[in-house]
Amino acid sequence: MELANNRYTLGGVDMLSLVEEFGAPLYVYNAATIKRQFQRLDSAFSGVEHQIKYACKALTNINILRYIRQIGCGLDTVSLNELHLGLQAGFAANDIFFTPNNVSFEEVQEAIALGAQLNLDNLPMLEKLGQTYGSSVPVCVRINPHIMAGGNEKISTGHINSKFGVSITQLDDIVRIAEQYSLDIAGLHMHTGSEIVDTDIFLQGAQILLEAGRRFPAIRFFDFGGGFKVPYTAGDKETNIEELGSRLSALCHEEMKHRGATFYACFEPGKYLVSESGMLLVRVNVIKQTPATTFAGVDSGLNHLIRPMFYKAHHDITNLSHPEGAVKPYSVAGYICETDNFAWDRAMNEVRVGDVLAFHNAGAYGIMMASNYNSRPRPAEVLIIDGKAHLIRRRETLEDILQTQISLPQLC
Ligand code: LLP
């Protein structure tokens, strides 16, 4: 976002004019930021043959998926619907990874029929796959290496108490099942969680995965997951992606020497690609002074952006309408009948009723975690490409909220 002549612009588009045209609250994404992040990641891992698969749970608008495909990225999905969206967006089935957790075998079979690349994370399912398909369906196995590389307990998935992956201590069981059914173990996978800050620990996890791979001679790839952290405010920690890329590439090459065979590396970033591209624009309804603070009450809430309440996540907030206003502390709160504070005593340019505030880093897990709580509609979405704003999802209406409900005649 740029500030010139007291007006904020994003990707060359005036931000307040977006609210005038499309209303508030509004999610806005800048395509150029997604491309920049993809290219940065791609070049950080250029030392090793690799594939980047966008973990689309972060943001699945079909236009975002199409844009991501066009810039040369693959796709990681966790549900059949995500898989179908990927196919509709034009991804080839074999460019789509399917990484489910606790789904039924029927769902796995449907993904196989659609031609996706399978990634399983429990032993009974692996056994069932062997019984049903033998060696005919290549499979990747998700390992839990038991590490904590960053993030909080809600978003870490590679530790011993996590429900994800097959424990590294059960490696012998994977080998036994693989041998029993002549499974084609095409790859090993780990995803240790969101917001990796400790590169050393992440690389320890990678080393565990590579060594586990020695038990499977036909391996073609190792998937190191996503979780690369972007800064949420000035000075915030972020994954040192260039350092991680060059050290991981070196590890992979050492392992290739050890195996006497090559393989490629896969990565599944979600946040890294889309978090910084997105902003949520909201309008201020009320300024309320209390003995504790000054609230700026906005026309949004935990129904639109739940990360601050759910993870205590920090999102920078800018007052787009009053860049020259005196800086004062405000607590920004939503309109939901719950405590949905976005920020407490945050220094902001003076906020007035009617001003438009912008939440930063709202591209990942923003609209995707939105709900209709309090029967509020979800916001519209706009994508900025080449200096032009395009509506990519209309705002929901009361009709949308009623659409899936069935009126019983006896109650009418
Ligand atoms: N791969 C797998 C198997 C995953 O489960 C996830 C995220 C990713 C990749 C992408 O992780 P990322 O690069 O986006 O950190 N809603 C939380 C994050 C939960 C992530 C769930 N899995 C948040 O808003 O922080």
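Heavy atoms only: backbone and side chains are in, while hydrogens, waters and symmetry mates are out. FYI, the numbering just counts along the sequence from 1. Order of listing sets the numbers, starting from 1, for every ligand and every atom in it.
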**Study point:** Donor + acceptor pair across side chains of His315, Arg307 (<3.5 Å)
**Key:** yes
Check your understanding: Do Leu281 and Leu320 touch side chain to side chain, with heavy atoms closer than 4.5 Å?
Key -> yes
Point to revise | Check against side-chain contact (heavy atoms from CB on, under 4.5 Å), Ser331 and Asn341 | key: CA-CA 7 Å; Ser331 297; Asn341 295 339; 5.9 Å; no
Check your understanding: Charged N to carboxylate O under 4.0 angstrom, Lys163 versus Asp121?
Key -> no
Revision key, fill the gap. By chain and number, the residues contacting ligand 1 below 4.0 angstrom (heavy atoms only) are Ala55, Lys57, Asp76, Thr99, Arg142, Ile155, His191, Ser194, Gly226, Gly227, Glu268, Pro269, Gly270, Lys271, Arg307, Tyr311, Tyr365, Met369
Point to revise | is_close_aromatic(Phe295, Tyr330), centroid dist under 6.0 Å | key: no
Point to revise | Lys/Arg cation over aromatic Phe22: Arg395, 6.0 Å, 45° cone | key: no
